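In what follows, a single structure is set out as structure tokens and then discussed.
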Amino acid sequence: MKHLQEIAKQLDLAMLNAQPIHQFSQTDPFDLKEAYDVQRYSFAHRLGRGEKSVGYKLGFTSKAKMQQMGVHEIIWGRLTNKMSISAEGSLTASAFIHPRVEPEVAFQICQPIDEVLTVEEATAYIGKVAIALEVIDSRYEKFKFSLEDVVADNCSSAAYLLGDWLPAQTNIQGLPITLRVNGEVVQKGNSDAILGNPLEALVELSKMAIKYGEIIPSGSIILAGAATPAAHIKVGDRVEGHFGELGLLTFDVQ
Ligand code: OOG
Ligand code: MG
């Protein structure tokens with residue numbers, strides 16, 4: 001019997017103190033199911049401090065991200081209200097270990113997901129869509145992890161910035177995406193890099209929900225996963241995500 005609760009506490013403290021820890025896969029390995037147990041236990045610490053669960057994020061839904069991090073399986077993690085960066089807001093670098101930013105799209109779902117959906121069915125579950133930037137921050141040294149490590153670490157969830165919510169029918173397919181840091185292009189891609197069609201992220205989410213016995217509540221925010229590799233950010237940076245005709249998202253790192 002491994003001490004999954006103890007591992008969850010260590011990950012929570014690493015996040016709170018912005019101090020990296022060793023990968024568990026190298027000393028105290030656990031399997032994928034146990035990794036998701038650790039994720040839930042660790043997330044419970046956040047909820048215990050008054051944070052509110054607001055949704056889910058998918059990870060490794062693009063080849064670009066899989067290749068960058070060497071993990072080749074889709075994963076899911078959890079979001080709280082405290083992770084939200086407000087529009088025109090800024091990110092405090094000292095609260096993170098080695099933050100990176102990546103461009104995504106987001107959905108707000110308008111009915112609970114309690115069955116495996118097809119991409120056609122998924123459309124009816126979308127209440128609104130938005131462009132998004134996710135800040136990830138691995139709690140592991142050197143941002144290195146196995147599949148199980150990263151799942152336990154809530155899939156590196158750290159912060160996110162959402163654009164204005166747009167009507168569900170807004171086209172989010174084939175959107176050209178450019179990520180700039182201090183005006184310089186650091187990543188370029190397209191929203192279709194997310195599973196060939198970002199709506200497929202909801203299909204994957206529905207499969208995860210059924211596999212792990214959860215119902216996704218109506219109103220949940222869903223981050224579809226990054227369309228490009230993530231880019232490093234540091235104090236003083238101005239980050240901009242350009243999403244074609246859907247416009248621009250920006251924040252400062254202080
Ligand atoms: C894991 C999280 C992956 C995405 O969008 O693919 C992710 C990581 O890269 O640290 O958020
Ligand atoms: Mg992401």
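When a ligand or atom number is given, it counts from 1 through the structure's own listing order. All figures in this text were calculated on a predicted structure; none of them were measured in a lab.
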In terms of atom number and element, which parts of ligand 1 are under 4.0 angstrom from non-hydrogen atoms of Met69?
9 (O)

Under 4.0 Å from one or more heavy atoms of Glu134, ligand 1 contributes atoms 11 (O)

Could you tell me whether Phe60 and ligand 1 have an N or O pair separated by under 3.5 Å?
yes

Please determine if Thr61 has a nitrogen or oxygen closer than 3.5 Å to a nitrogen or oxygen of ligand 1.
no

Tell me which N, O or S atom of Glu102 sits nearest to the Mg ion (ligand 2).
OE2

Apart from Val116 itself, which Ile, Leu, Val, Met, Phe, Trp or Tyr residues share its cluster (side-chain heavy atoms under 4.5 Å, direct or through members)?
Ile210

Gln26 and Tyr140: side-chain donor and acceptor closer than 3.5 Å?
no

Which atoms of ligand 1 sit under 4.0 Å from any heavy atom of Gly59?
3 (C), 4 (C), 6 (O), 7 (C)

List the residues meeting salt bridge (charged side-chain N to carboxylate O under 4.0 Å, His left out) with Lys52, not counting sequence neighbours, and say none if there are none.
none

Can a salt bridge be assigned to the pair Lys9 and Asp12 using a cut-off of 4.0 Å between side-chain N and carboxylate O?
no

of all protein heavy atoms, closest to atom 10 (O) of ligand 1 is Ser156 OG, 2.7 Å

Take Glu51 and Arg78, measure what salt bridge (charged side-chain N to carboxylate O under 4.0 Å, His left out) needs, and give me the verdict at the end.
CA-CA 12 Å; Glu51 294 181 45; Arg78 296 156 196 282; over 6 Å; no

With a 4.0 Å cut-off on heavy atoms, is Leu58 touching ligand 1?
yes

If you compare Cys155, Ser138, Ser62 by their heavy atoms, the one closest to atom 2 (C) of ligand 1 turns out to be Cys155

Within one Ile-Leu-Val-Met-Phe-Trp-Tyr cluster: Ile109 and Val54, side-chain cutoff 4.5 Å
no

Of the non-hydrogen atoms in Leu147 and Val71, which two are nearest, and what is the gap between them?
CD1-CG1, 3.8 Å

Using modelled atom types only, decide if a donor and an acceptor are shared between the side chain of Tyr41 and the backbone of Glu6 within a distance under 3.5 Å.
no

If you draw a 6.0 Å radius around CG in Asp164, do more than 12 non-hydrogen atoms from other residues or ligands fall strictly inside?
no

Counting from 1, what ligand 1 atoms have a heavy atom of Ile136 closer than 4.0 Å?
8 (C), 9 (O), 10 (O), 11 (O)

Suppose we measure from atom 9 (O) of ligand 1 to each protein heavy atom; which comes out shortest, and what is that distance?
Lys65 NZ, 2.7 Å

Yes or no: does Glu104 have any heavy atom under 4.0 Å from an atom of ligand 1?
yes

Side chain or backbone, does Ala226 bring an N or O within less than 3.5 Å of an N or O on ligand 1?
yes

For the metal site, I want the angle between atom OE1 of Glu134 and atom OE2 of Glu104 with the Mg ion (ligand 2) at the apex, to 10°.
100°

Any atoms of ligand 1 less than 4.0 Å from a non-hydrogen atom of Gly225? List them with their elements.
5 (O)

Ranked by distance from atom 4 (C) of ligand 1, the top protein heavy atom is Glu102 OE2, 3.3 Å

What atoms of ligand 1 come within less than 4.0 Å of a heavy atom belonging to Val150?
1 (C)

Just jot down the ligand 1 atoms closer than 4.0 angstrom to any heavy atom of Phe145, in number order.
8 (C), 10 (O)

For Leu79 versus Ile221, what's the shortest heavy-atom pair and its separation?
CD1-O, 4.2 Å

I need the minimum non-hydrogen distance between Leu11 and Ala152, along with the two atoms involved.
CD1-O, 3.5 Å

With rounding to the nearest 0.5 Å, note down the distance linking OG in Ser156 to CG in Asp149.
10.0 Å

Atoms of ligand 1, numbered as shown, that sit under 4.0 Å from any heavy atom of Lys57:
2 (C), 7 (C), 11 (O)

